[in-house]
Amino acid sequence: MPMTHDAATSRPACRRGGKISLVVPVYNESKGLCALRDALVAVMDALPYEWDCILVDDGSRDDSWAVIESLSAADPRFKGLLFSRNFGKEMALTAGVEAAVGAGAVICLDADLQHPPEIIPELVAKWEEGYDIVATIREKVADYSLVKKLGSKGFYWFMRRFTDLDLPPNSTDFRLLDSKVVETLSQFTEGSRMFRGIIDWMGYKKTYISFCAPARSQGEPAYSVKKLFNLAINSFTSFSLVPLRLAGYLGLGIMAVTMPLLCLMVLANWFVGANITPIAFFTVFNTLLIGIVLCALGMMSLYIGHIHTEVVNRPLYIVRCRAGSWDGQA
């Protein structure tokens with residue numbers, strides 16, 4: 001059950017100083033932003049910390065940016081960043097965290113209220129106990145489809161089995177990061193990134209809190225099955241060399257099958273009179289050889305693509321404009 005807090009509740013002073021910054025990626029969420037604002041204000045005003053909220057518009061196609069501007073005008077604690085185009089949720093989270101200058105802690109959460117703000121006091125309480133990362137695990141989602149449920153289970157199984165990440169099943173981007181974690185994150189420049197994977201890779205003192213995600217109150221999910229699949233592929237190739245090794249193992253396995261098969265065909269021709277034609281030998285050998293080459297090239301191309309992205313060294317994102325007060329300037 002979520003913890004409840006009163007503004008007068010006695011709580012230890014912040015061990016590390018600074019305010020708490022909330023980072024919220026926004027993509028076509030205009031209908032739910034006012035409800036998000038109300039929920040955040042109700043929770044954060046009950047905590048004995050200064051706070052602000054950075055809303056990162058990831059190139060929305062609706063009027064999300066207009067709503068963000070109105071929220072910023074009404075309450076200076078709400079700020080906005082507008083991307084020049086859709087760069088993806090991972091970059092929106094990165095931009096928001098990098099913009100949280102001077103924060104003692106940063107809390108990342110989604111705009112659709114499926115990351116319930118009511119458990120933010122629990123995250124803060126764990127941070128006060130000395131944890132540098134307080135992550136969350138989603139026990140269930142009210143409106144997840146069967147495809148997404150199966151895909152999620154498969155993704156976490158592969159990530160835990162074939163990478164060096166300790167990624168608990170159903171972990172989310174809803175997490176609190178101490179300022180030292182944020183500072184370390186700023187040193188990462190990779191373009192193909194999985195935000196929570198990088199955070200988990202860092203180490204630091206970490207704990208988890210479980211929650212149940214309610215159904216979306218407004219709009220449609222920003223992450224389609226295609227986007228989730230692309231994120232899974234990028235995450236897997238960013239943190240594991242298994243696909244490259246798998247191509248080599250596959251080649252060895254095919255050779256281990258092909259060579260005895262060819263020898264058997266030769267022996268059958270010579271001693272049994274099977275009359276296997278040369279074209280049959282060539283077809284078997286050539287087909288398996290092409291399979292080896294294609295598998296190896298396919299796996300290698302994923303990593304070459306990542307190398308190309310990093311060598312080009314384009315900016316991770318482009319901020320078109322800002323809303324609200326930033327360092328004393330509008």
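None of the values given here were measured: they were computed from a predicted structure.
Residue pairs satisfying the ring pair (Phe, Tyr, Trp, His ring centres under 6.0 Å) criterion with at least one member in residues 51-75, sequence neighbours excluded, are listed as follows: Trp51-Phe78.
Taking 4.5 Å as the limit, some side-chain heavy atom of Leu177 sits within range of a side-chain heavy atom of Ile133. Between Leu109 and Leu40 the shortest side-chain heavy-atom distance falls below 4.5 Å. Put simply, the side chain of Ile20 does not reach to within 4.5 Å of the side chain of Ile120, judged on heavy atoms. Phe174 places a side-chain heavy atom less than 4.5 Å from the side chain of Leu123. Two residues are said to be in side-chain contact when any heavy atoms from C-beta on lie closer than 4.5 Å; Phe211 and Arg138 meet this criterion. Residues Thr136 and His115 are not in side-chain contact: their nearest non-hydrogen atoms beyond the backbone lie 4.5 Å or more apart. With a 4.5 Å cut-off on side-chain heavy atoms, Tyr204 and Thr184 count as touching. Using a 4.5 Å heavy-atom threshold, the side chains of Leu185 and Met202 count as touching.
In this structure, Asn28 contributes its side chain and Arg61 its backbone to a donor-acceptor pair below 3.5 Å. Proximity of a side-chain donor or acceptor of Ser64 to a complementary backbone N or O of Glu29 within less than 3.5 Å is detected.
Between Asp110 and Lys89 a salt bridge is recorded (basic side-chain N to carboxylate O distance below 4.0 Å).
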Show, in sequence, the C-alpha distance, side-chain angles and deciding distance for Leu36 and Leu55, and conclude whether the side chain to side chain contact (heavy atoms under 4.5 Å, CB included) test is met. CA-CA 11 Å; Leu36 173 70; Leu55 300 163; 4.2 Å; yes
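Partners of Asp58 according to the salt bridge (Lys or Arg N to Asp or Glu O under 4.0 Å) rule, which considers only residues two or more places apart in sequence or in another chain, do not exist here. Under the salt bridge (Lys or Arg N to Asp or Glu O under 4.0 Å) criterion, Arg37 pairs with no residue, sequence neighbours left out.
With 3.5 Å as the limit, one finds a donor-acceptor pair spanning the side chains of Asp63 and Ser30.
Counting heavy atoms of neighbouring residues, nucleotides and ligands inside a 6.0 Å radius, atom CD of Glu98 exceeds 12 of them.
The heavy-atom pair separating Leu81 from Ala99 by the smallest distance is CD1-CB, 4.0 Å. Of all the heavy atoms in Ala103 and Val106, the pair that sits closest is CB-CG2, 4.2 Å. Closest approach of Phe83 to Ala95, counting heavy atoms only: CZ-CB, 3.6 Å. The minimum heavy-atom distance linking Cys53 with Val24 is given by the pair SG-CG2, 3.9 Å.
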